[in-house]
Amino acid sequence: LVHLATAGERPATRVAALCALDGLGALPQAVVDQLLVDPAAGVRRHAVRLADRPEQLFQLNEQNARVRLEIAYRMRESRDPRATDVLARISHDADSSLCNVIAVSAPDPVELLRRVRSQPMMSALALLIGATGEQDQLVATIEIAKNSPEILGALGQGLRHAGTTLEQVAGVATLLDEQQSLALDPTQSIKRRLAAVEVMACVAVTRSRETLIQLLESDQPFELQRAA
């Protein structure tokens, strides 16, 4: 079985032998380590699943989406700071499913938020941070969100899930004022103004009412009227 797992001609043969060894309780981790870099993605995915320790996966530079998803699941088992490095590395071009798994697997979501550059990944992390509601993480995320209404809006959505609003976070008042001004600024792109409107949806109506009423006026772009 060890020979079939490591030298079987067909990927399906290698996977079957690998799983058989695991079922027999006779799977050498040296075999797993070898198969973590197998040419076939399906073999690598099973090797990731069957690795004894997530630390075995820290040096992988995986490109296949399904294998990256499996790696993200395994990182939930580790509190090692190097798990954040792995999650940042596999976050490029992540779809929504992978973004969500990476977010919930992060040992330190704020640190991961500082490292990633993908907007969907940043939004998934900010949403999670808002939903968990840990004050130190909220304050740190507000600092990161100073130049990103998308992050601020995702944080607000998470807070709304937790039964609160952005106004309750220390240090956010100035940012909210800036977003209200940005939403009304005709010199800004529609995309950026829409992101600011999304932030307005995450605050109390008493704060956002005047801005939203102005966005409903007939001289405003249709996209903004619809969002308001």
Side-chain angles (χ1 to χ4, degrees), residues 22 27-38 41 43-159 161-162 164 166 169-172 175:
D22 178 61
L27 177 59
Q29 285 303 298
V31 170
V32 173
D33 289 337
Q34 181 175 338
L35 296 182
L36 286 172
V37 292
D38 190 274
V43 177
R44 297 197 303 275
R45 183 167 65 88
H46 282 282
V48 168
R49 180 177 62 84
L50 294 174
D52 268 355
R53 299 170 294 104
E55 288 76 13
Q56 290 171 256
L57 314 175
F58 283 172
Q59 300 306 315
L60 297 181
N61 187 20
E62 183 58 58
Q63 300 303 312
N64 181 270
R66 294 185 68 186
V67 184
R68 286 191 288 158
L69 185 64
E70 198 70 48
I71 292 170
Y73 279 121
R74 291 302 307 274
M75 289 303 106
R76 298 183 72 172
E77 303 168 28
S78 178
R79 296 295 91 186
D80 190 310
R82 289 175 294 175
T84 301
D85 299 333
V86 175
L87 293 170
R89 192 161 62 241
I90 67 174
S91 68
H92 64 89
D93 299 325
D95 62 16
S96 59
S97 295
L98 181 54
C99 284
N100 290 334
V101 175
I102 289 173
V104 299
S105 299
D108 184 344
V110 173
E111 180 57 30
L112 183 57
L113 181 59
R114 292 190 178 103
R115 297 190 191 186
V116 298
R117 293 294 176 266
S118 159
Q119 188 59 61
M121 187 70 254
M122 290 189 288
S123 294
L125 286 163
L127 181 68
L128 174 72
I129 292 166
T132 54
E134 294 186 21
Q135 191 63 28
D136 58 337
Q137 292 187 354
L138 292 173
V139 172
T141 304
I142 289 295
E143 186 65 27
I144 298 169
K146 282 186 174 178
N147 296 311
S148 175
E150 292 84 1
I151 292 178
L152 192 60
L155 182 68
Q157 290 176 35
L159 285 164
H161 291 320
T164 185
L166 271 171
V169 183
V172 77
L175 275 182

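This structure is a prediction, so every number in the text was calculated from the model and none was measured. All values below come from the heavy atoms of this structure, side chains included, with hydrogens, waters and symmetry mates left out.
A distance-only check finds a donor-acceptor pair linking the side chain of Arg68 to the backbone of His92 [under 3.5 Å]. Counting only distance, with no hydrogens or angles, the side chain of Gln137 and the backbone of Pro109 share no donor-acceptor pair below 3.5 Å. Of the possible donor and acceptor atoms, none in the side chain of Arg53 sits under 3.5 Å from a partner among the backbone N and O of Ser78. At least one donor-acceptor pair under 3.5 Å links the side chain of Arg44 to the backbone N or O of Asp38. In this structure, the side chain of Ser105 does not engage the main chain of Ile102 through any donor-acceptor pair within 3.5 Å.
The minimum heavy-atom distance between Asp80 and Pro107, with the atom names listed, is O-CG, 4.0 Å. Annotation for Ala94 and Leu98: closest pair CB-CD2, 3.7 Å, computed over non-hydrogen atoms. Pairing each heavy atom of Leu166 with each of Ile142, the nearest pair is CD2-CD1, 4.4 Å. Smallest separation of non-hydrogen atoms from Pro120 and Cys99: C-SG, 3.9 Å. Annotation for Leu57 and Ala51: closest pair CD2-CB, 4.1 Å, computed over non-hydrogen atoms. Of all heavy-atom pairs between Ala140 and Val110, the closest is CB-CG1, 3.7 Å.
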Item to check | Test log, rule side chain to side chain contact (heavy atoms under 4.5 Å, CB included), inputs Ile129 and Glu134 | outcome: CA-CA 7 Å; Ile129 292 166; Glu134 294 186 21; over 6 Å; no
Item to check | Audit row: Ser148, Gln119, side chain to side chain contact (heavy atoms under 4.5 Å, CB included) steps and yes/no | outcome: CA-CA 10 Å; Ser148 175; Gln119 188 59 61; 4.3 Å; yes
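In this structure, the separation between CD1 on Ile90 and CG on Asn64 is 11.5 Å, given to the nearest 0.5 Å. Leu127 CG to Ile151 CD1: the interatomic distance, rounded to the nearest 0.5 Å, is 12.5 Å. Separating the CG atom in Leu87 from the CE atom in Met75 is a distance of 6.5 Å, to the nearest 0.5 Å. Rounding to the nearest 0.5 Å places CG of Asp93 at 9.0 Å from CD of Gln63. To the nearest 0.5 Å, the span separating CG on Leu138 from CD on Glu143 amounts to 13.5 Å. Atom-to-atom distance recorded for Ile144:CD1 and Leu113:CG is 4.0 Å, nearest 0.5 angstrom.
When each of Leu128, Asp85, Thr84 is paired with Leu112, the side-chain contact (heavy atoms from CB on, under 4.5 Å) condition holds for Thr84 and for no other. Under the side-chain contact (heavy atoms from CB on, under 4.5 Å) test applied with Leu36, the options Val31, Leu60, Leu50 reduce to a single match, Leu60.
The number of heavy atoms from other shown groups lying within 6.0 Å of CG (Asp136) is above 12. For Glu77, the CD atom sits in a packed shell: over 12 heavy atoms of surrounding residues, nucleotides or ligands are nearer than 6.0 Å. By the neighbour-count criterion of 12 heavy atoms within 6.0 Å, atom CZ of Arg115 is densely surrounded, having more than that number from other residues, nucleotides or ligands. Annotation for Phe58: atom CZ counts as buried by contact number, over 12 foreign heavy atoms lying within 6.0 Å.
Within the 4.5 Å cutoff, the side chain of Leu27 has heavy atoms near those of the Val32 side chain.
With respect to Glu70 and Arg74, no salt bridge is recorded, no charged nitrogen being found less than 4.0 Å from a carboxylate O.
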